[in-house]
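In what follows, chains carry the letters A, B, and so on, assigned in the order in which the sequence lines appear, proteins first and then strands, with residues in each chain numbered from 1.
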2 protein chains.
Amino acid sequence: MFSKATEYALRATIYIAKKSSAEKKIGIEEIAKAIDSPQSFTAKILQALTKENKIVSSVRGPNGGFFLIEKQKKLPVRSILQAMGEDEILEKCVLGLKRCSEVQPCPMHEQYKSIKQQLIKLFVSKTIQQLADDMKDGEIFISNKKQP
Amino acid sequence: MFSKATEYALRATIYIAKKSSAEKKIGIEEIAKAIDSPQSFTAKILQALTKENKIVSSVRGPNGGFFLIEKQKKLPVRSILQAMGEDEILEKCVLGLKRCSEVQPCPMHEQYKSIKQQLIKLFVSKTIQQLADDMKDGEIFISNKKQP
DNA sequence: GTATTTAAGGACAAAATTATCCTTAAATAT
DNA sequence: ATATTTAAGGATAATTTTGTCCTTAAATAC
């Protein structure tokens with residue numbers, strides 16, 4: 001569905017939301033290990049998400065790292081897709097037709113329509129915070145390692 | 001959602017299903033023009049779909065070209081994804097986690113589950129034939145050109 | 001048979017994506 | 001001030017995806 005970059009962006013942001021706060025920031029090394037992603041590449045991605053502090057916040061130096069302010073935690077998950085420039089996936093025609101629409105529908109359009117709407121709704125209604133909160137019980141994970 | 005290659009594969013196969021038969025085969029030039037795809041690249045893709053005549057049939061020489069036999073028209077759309085090696089997209093975790101499952105769900109798993117099921121159902125239940133048939137009325141299209 | 005038409009197949013090129021590494025800048029601690 | 005820690009940023013490399021072009025093979029037409 002999404003590119004690796006966007007998958008890493010989603011996982012990293014959720015992990016940061018869960019594990020950190022303005023008081024307890026979190027470093028790139030821990031993040032990359034936790035979400036099982038290539039560290040340097042993930043750093044680049046977080047750099048993008050941190051641009052203008054849109055999705056993620058960061059500070060440099062000792063005890064520095066990444067974190068989310070309250071406002072950022074309340075962002076819909078879709079805003080991560082937008083920041084990654086991969087938002088159009090949710091709107092796109094399954095067959096890749098530029099003109100596919102209600103006026104000029106492709107053969108999949110009618111049936112795919114409701115699935116698309118649900119996808120959009122999911123990514124708009126769920127906030128970063130909510131996903132992080134869901135993990136609190138320890139029954140929901142964001143790692144590729146086998147849970148004990 | 002899908003790679004360009006798979007988008008072209010879907011569009012080309014549907015177009016062939018609609019426009020051709022064992023009696024009236026259809027050439028790569030017409031196909032590529034009709035579905036608005038790069039001709040040589042599309043040829044390569046059809047080559048793959050024609051391998052072992054799995055999804056598409058073809059013959060060379062004058063009046064040769066591509067076509068579908070009845071058996072092929074009845075294949076589910078998903079078989080095109082499978083032939084393109086992109087079938088896993090339907091099953092994959094949205095966050096790209098290898099271990100995401102009912103036992104070890106990611107934070108999106110529960111909500112994405114039903115969307116995934118609908119996606120799979122759509123691609124399994126719809127046959128190539130059905131998509132081609134839907135276009136018969138001239139109210140459903142597979143082109144990027146503006147309809148008059 | 002020879003020429004023509006059309007897909008098959010191989011080699012290669014361009015572009016995008018994924019990934020690494022090194023230097024720079026900012027913040028803190030001493 | 002100096003050293004240390006950590007993200008920011010730039011350069012570059014590897015891989016995958018997308019795309020083109022040319023030759024070969026098969027089928028038909030003559």
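Between the side chain of N144(B) and the backbone N or O of K98(A), at least one donor-acceptor pair lies under 3.5 Å. Side chain of R78(A) to main chain of I120(A): no donor-acceptor pair is present (N/O by atom type, distance under 3.5 Å, no hydrogens or angles). For S79(A) (side chain) and L75(A) (main-chain N/O), no donor-acceptor pair under 3.5 Å exists by modelled atom type.
Following rounding to the nearest Å, Q39(B) (CD) and dT18(D) (C1') show an atom-to-atom distance of 16 Å. What separates CG of L49(B) from P of dA8(C) is a distance of 10 Å, to the nearest Å. We find that NZ of K44(A) is positioned 9 Å from P of dG9(D), with the value rounded to whole Å. Separating the CD1 atom of I55(B) from the C1' atom of dA7(C) is a distance of 18 Å, rounded to the nearest angstrom. Distance F41(B) CZ to dA7(C) P: 18 Å, rounded to the nearest Å. Between the CG atom of L46(A) and the P atom of dT18(C) there is a distance of 15 Å, rounded to whole Å. Regarding E86(A), its CD atom lies at a distance of 12 Å from the C1' atom of dA16(C), rounded to whole Å. The separation between K54(A) atom NZ and dA8(D) atom P is 14 Å, rounded to whole Å.
Residue S58(A) places at least one side-chain N or O under 4.0 Å from the OP1 or OP2 atom of dA8(D).
Looking at K33(A) and E30(A), no side-chain N of the basic residue comes within less than 4.0 Å of a carboxylate O on the acidic one, giving no salt bridge. E70(A) and K73(A) are joined by a salt bridge, as a carboxylate oxygen and a charged side-chain nitrogen come within less than 4.0 angstrom of each other. Salt-bridge annotation for K126(B) and D134(B): present, with a side-chain N of the basic residue lying under 4.0 Å from a carboxylate O of the acidic one.
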Could you walk me through whether R11(B) and Y15(B) pass the side-chain contact (heavy atoms from CB on, under 4.5 Å) test, one step at a time? CA-CA 6 Å; R11(B) 304 219 295 267; Y15(B) 185 78; over 6 Å; no
K24(A) and N63(A): side-chain contact (heavy atoms from CB on, under 4.5 Å), yes or no, with the steps? CA-CA 8 Å; K24(A) 186 178 169 296; N63(A) 301 313; over 6 Å; no
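For the segment residues 19-34 of chain B, the set of residues with a heavy atom within less than 4.0 Å of an atom of DNA chain C comprises I26(B), G27(B), I28(B), in numerical order. Of the residues in residues 1-9 of chain B, those lying under 4.0 Å from DNA chain D by heavy-atom distance are S3(B), K4(B), A5(B), Y8(B).
Side-chain atoms of K51(B) stay outside donor-acceptor range of the base of dG9(C), with no qualifying N/O pair under 3.5 Å.
Side-chain contact check for T127(A) and Q129(A): no donor-acceptor pair (N or O, by modelled atom type) lies under 3.5 Å. For the residue pair E102(B)/H109(B), the side-chain donor-acceptor check at 3.5 Å is satisfied.
Environment of NZ in K25(A): crowded, with over 12 heavy atoms of neighbouring residues, nucleotides or ligands closer than 6.0 Å.
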Between the protein and nucleotides 26-30 of chain D, which nitrogen or oxygen pairs come in under 3.5 angstrom?
{"unit_1": "dA26(D)", "atom_1": "O4'", "unit_2": "R60(B)", "atom_2": "NE", "d": "3.3"}
{"unit_1": "dA26(D)", "atom_1": "O4'", "unit_2": "R60(B)", "atom_2": "NH2", "d": "3.4"}

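Taking for each of Q47(A) and G64(A) the nucleotide of DNA chain D with the nearest heavy atom, the 5'-most of the two is the partner of G64(A).
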